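Reviewing the structure listed below.
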Amino acid sequence: MSRFQHRPYSERTAQWLEQSGLNPLLARLFAARGVEKPDDLSLELKNLLAPTKLKNCLSTASLLADILEKKEPIVIVADYDCDGATACAVSIRGLKMLGADHAAVQFLVPNRFTMGYGLTPEVVELAAQQKPKPRYLITVDNGIASAAGVERAREFDIDVIVTDHHLPGDIIPNATAIVNPNQVGCPFPSKALAGVGVMFYLLVALRAELRQRGKFTNETQPKIENLLDLVALGTVADVAQLDRNNRILVSNGLKRIRNGVCQAGIQALFQVAVRDARKASAFDLGFAIGPRLNAAGRLADMTLGIRLLLTDDQSEALSIAQELDRINRERRVIETGMQEEALALLAEDQLANTISEKSSICLWNEAWHQGVIGIVASRLKERFNRPSLVFAPADGADSNELRGSGRSITGFHLRDALDLVSKREPGLILKFGGHAMAAGLTIYKSDFVKFDATFQKVADELLTDDLLERSHSHDGSLEPTQFTPEIGDLLAEEIWGQGFPQPVFYGEFEISEQSLMKEKHLRLKLRPVGNSSSKGLTGVWFNRTQTLPERAKLAYRLVTDRYQGQARVQLMIEAHDENPTL
């Protein structure tokens with residue numbers, strides 16, 4: 001059963017926003033997403049929160065300025081996802097823009113299959129072998145859980161600067177500096193910065209420090225904002241909450257992409273994804289560009305993705321992007337097979353038929369691919385509306401270990417739930433980390449059944465029937481005059497994403513034709529009920545083969561489809577309300 005809820009908003013706020021010059025539809029949508037006053041509408045860079053409240057940011061910038069002055073060798077230790085790759089590229093490009101010796105800045109990204117996540121002792125040992133040997137390691141998008149790695153670095157006389165955004169655990173690494181908006185005692189108003197956003201802030205603070213030291217003036221200082229296309233990509237791909245501060249970062253990054261002044265690697269990814277960079281949207285970053293970059297870390301080595309983001313050679317960029325596109329197609333094939341096997345396992349356990357009695361899903365298979373388990377967990381979560389954890393055997397480690405990746409639903413903090421499991425059953429989880437909606441962990445194969453039972457018990461305690469019932473929030477109905485390509489374009493220009501959801505509308509339609517595309521997508525000809533004068537509309541419901549009644553209440557997104565120079569409205573169907581109560 002699903003619940004359909006009209007997203008509430010203040011009519012007074014919507015009127016205030018409209019009076020400031022905002023389109024009436026956007027005024028209603030923005031008011032429903034927490035925009036409270038016209039001043040909040042401005043996404044100019046000058047409205048970014050200042051680095052001054054980001055704990056340790058200014059002191060770490062001063063330390064970095066000393067490091068650059070002494071030309072001490074640095075190794076950037078990145079995570080192997082899109083956020084980590086963009087954070088790595090931002091740090092290397094930014095440090096070089098600010099005067100770092102090119103030979104003194106290197107990077108290292110752990111192989112997820114042999115080294116696991118973060119700054120492990122093994123990663124430190126590898127970094128110590130670099131030539132020249134680093135005096136400093138700077139982690140990007142990781143490090144807050146790497147106490148053992150930091151201690152190992154000290155044994156090599158290497159200092160560690162941690163830049164991260166993940167939630168800290170019980171043990172804080174004894175690093176030289178930690179910049180993380182989610183660390184204890186950090187007053188930074190936005191806790192939603194992605195790893196790439198944290199690194200961008202540190203570079204902004206470093207530029208200010210170097211300016212104070214007389215390295216350049218306001219007029220001659222390097223333009224760190226030229227890196228915002230990378231910041232936008234990492235922020236959206238990491239599904240960071242799009243609070244106002246992140247929306248400013250993403251908006252200005254998208255402007256660079258649309259204006260054709262982004263990095264060669266991002267241009268190449270748009271090209272192989274067959275997306276128009278001049279009309280780039282957050283949706284493109286999250287669902288077309290990000291997955292292709294992520295594919296390197298999932299099936300191969302994210303070094304390839306970072307190389308793409310660091311090159312200024314368009315020919316080289318296109319060649320790497322084409323290879324990433326090939327890897328991403330391979331990832332899709334593996335993912336499809338694993339999904340089918342996961343559903344088969346659920347059917348065998350009769351879980352699919354009794355899912356209403358379960359609060360969580362935990363699965364593993366000896367043949368599953370470590371790099372794809374997170375996506376499969378996400379698909380299961382979406383299908384069953386349950387926190388889902390998917391495990392695969394760990395490569396290059398103890399063969400008795402399983403590595404898991406989880407995705408959660410709104411209202412269930414996954415990392416905190418794993419923390420509760422670890423406290424109730426010490427030693428059951430070998431290591432874990434993450435945040436509210438996504439987390440990773442390692443357990444022994446022999447402990448899987450025990451872990452499943454313990455996690456299920458925690459989920460039973462923390463989840464209510466309301467949270468487990470699928471909920472579809474919508475933005476009400478559209479007026480007959482609003483089913484236009486212009487409205488579709490208007491919506492496409494805005495910044496939508498996690499915490500600032502893409503508009504979904506709700507209405508009743510008469511359906512005159514139904515057919516299947518590629519045997520798996522439902523294509524519809526429909527018309528709004530009570531609007532006989534309107535032209536028929538086209539609707540598409542991806543991954544649905546079951547037909548609808550001749551009259552149905554639907555939740556949908558409105559987009560503009562262009563074909564052979566003609567613009568037309570298309571409805572992307574999200575859900576069917578079988579028990580409508582408007």
Side-chain angles (χ1 to χ4, degrees), residues 42-72 74 76 86-102 104-105 135-141 143 159-165 175-183 185-232 234-235 243-253 255-256 261:
S42 173
L43 299 181
E44 295 180 25
L45 276 176
K46 66 181 181 181
N47 294 311
L48 265 183
L49 294 169
T52 50
K53 289 187 177 180
L54 186 57
K55 184 178 178 180
N56 299 333
C57 189
L58 300 189
S59 59
T60 305
S62 179
L63 171 60
L64 279 175
D66 293 340
I67 293 170
L68 296 191
E69 199 169 283
K70 297 174 184 176
K71 300 186 183 301
E72 293 186 294
I74 300 166
I76 310 295
T86 52
C88 183
V90 163
S91 61
I92 292 173
R93 284 185 175 275
L95 288 171
K96 289 179 178 178
M97 289 167 68
L98 293 169
D101 185 80
H102 285 223
V105 183
R135 179 65 188 85
Y136 287 88
L137 300 181
I138 302 176
T139 70
V140 291
D141 190 33
D159 287 343
V160 178
I161 297 171
V162 170
T163 74
D164 202 351
H165 69 121
T176 301
I178 298 177
V179 183
N180 181 341
N182 288 300
Q183 67 180 307
C186 181
F188 193 69
S190 170
K191 304 300 181 183
L193 281 177
V196 67
V198 175
M199 193 64 220
F200 178 78
Y201 261 83
L202 183 53
L203 290 172
V204 170
L206 173 58
R207 182 176 66 177
E209 174 67 22
L210 292 172
R211 194 170 57 238
Q212 286 182 349
R213 296 187 183 192
K215 298 294 183 182
F216 32 68
T217 66
N218 284 333
E219 291 72 29
T220 62
Q221 66 183 6
K223 295 185 180 297
I224 299 297
E225 55 271 25
N226 289 355
L227 302 174
L228 281 170
D229 53 338
L230 294 167
V231 178
T235 300
D243 60 9
R244 188 190 182 198
N245 205 58
N246 273 345
R247 289 177 68 234
I248 291 172
L249 293 171
V250 172
S251 174
N252 284 277
K255 282 179 185 175
R256 297 195 61 79
V261 289

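It should be emphasised that the depicted structure is a prediction, and the values quoted were computed from it without experimental measurement. FYI, side chains are in, hydrogens and waters are out, and symmetry mates aren't considered; it's all heavy atoms of this structure.
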Heavy-atom distance under 4.5 Å between the side chains of R247 and V250, does that happen here?
no
Nearest 0.5 Å, what's the CG-CG distance between L202 and L95?
8.0 Å
Any sub-3.5 Å donor-acceptor pair from T176's side-chain atoms to I161's backbone N or O?
no
Restricting to salt bridge (charged side-chain N to carboxylate O under 4.0 Å, His left out), what partner residues turn up for E44, sequence neighbours left out?
K46
Within the 3.5 Å criterion, strictly below it, is a donor on N180 or H165 matched to an acceptor on the partner's side chain?
no
With no hydrogens and no angle check, is any side-chain donor or acceptor of R211 less than 3.5 Å from a backbone partner on T217?
no
Got a second to check how far L210's CG is from L64's CG, nearest 0.5 Å?
9.0 Å
One should read off an interatomic distance between D164 CG and M199 CE, to the nearest 0.5 angstrom, of 12.5 Å
Identify, with sequence neighbours excluded, every residue that meets side chain to side chain contact (heavy atoms under 4.5 Å, CB included) alongside S190.
L49, F188, A192, D243, N245
Inspect the surroundings of NZ in K191 and state if more than 12 heavy atoms from other residues, nucleotides or ligands are less than 6.0 Å away.
yes
Beyond-backbone contact of I224 with L98, side-chain heavy atoms, under 4.5 angstrom:
yes
Just so I know, are the side chains of L228 and F200 near enough to count as touching, which here means a heavy-atom distance under 4.5 Å?
yes
Examine distances only and state if a side-chain atom of R244 and a backbone atom of S42 form a donor-acceptor pair shorter than 3.5 Å.
yes
Non-hydrogen side-chain atoms of V198 and P181 separated by less than 4.5 Å
yes
Any donor-acceptor pair under 3.5 Å linking the side chain of S91 with the backbone of A87?
yes
Specify the closest pair of heavy atoms between C88 and I76, including all atoms of both residues, with the distance to one decimal.
SG-CG2, 4.1 Å
Could you check whether E225 pairs with R207 (Lys NZ or Arg NE/NH1/NH2 to Asp/Glu carboxylate O, under 4.0 Å)?
yes
Is any side-chain heavy atom of T235 less than 4.5 Å from a side-chain heavy atom of L193?
no
Is R213 salt-bridged to D66, cutoff N-O under 4.0 Å?
yes
Between V196 and L230 the two heavy atoms that sit nearest each other are CG2-O, 4.1 Å
Just checking, is any N or O donor in the side chain of S59 or S62 under 3.5 Å from an acceptor N or O on the other one?
no
With sequence neighbours excluded, residues passing salt bridge (charged side-chain N to carboxylate O under 4.0 Å, His left out) with R135:
D159
Rounded to the nearest 0.5 Å, what's the gap from CE on M97 to NZ on K223? Could you check?
9.5 Å
SG/C57 to CD/E209 distance, rounded to the nearest 0.5 angstrom?
11.0 Å
side-chain contact (heavy atoms from CB on, under 4.5 Å) assessment of K96 paired with D101
CA-CA 7 Å; K96 289 179 178 178; D101 185 80; over 6 Å; no
Distance, nearest 0.5 Å, that separates CG of N252 from CG of L48
7.5 Å
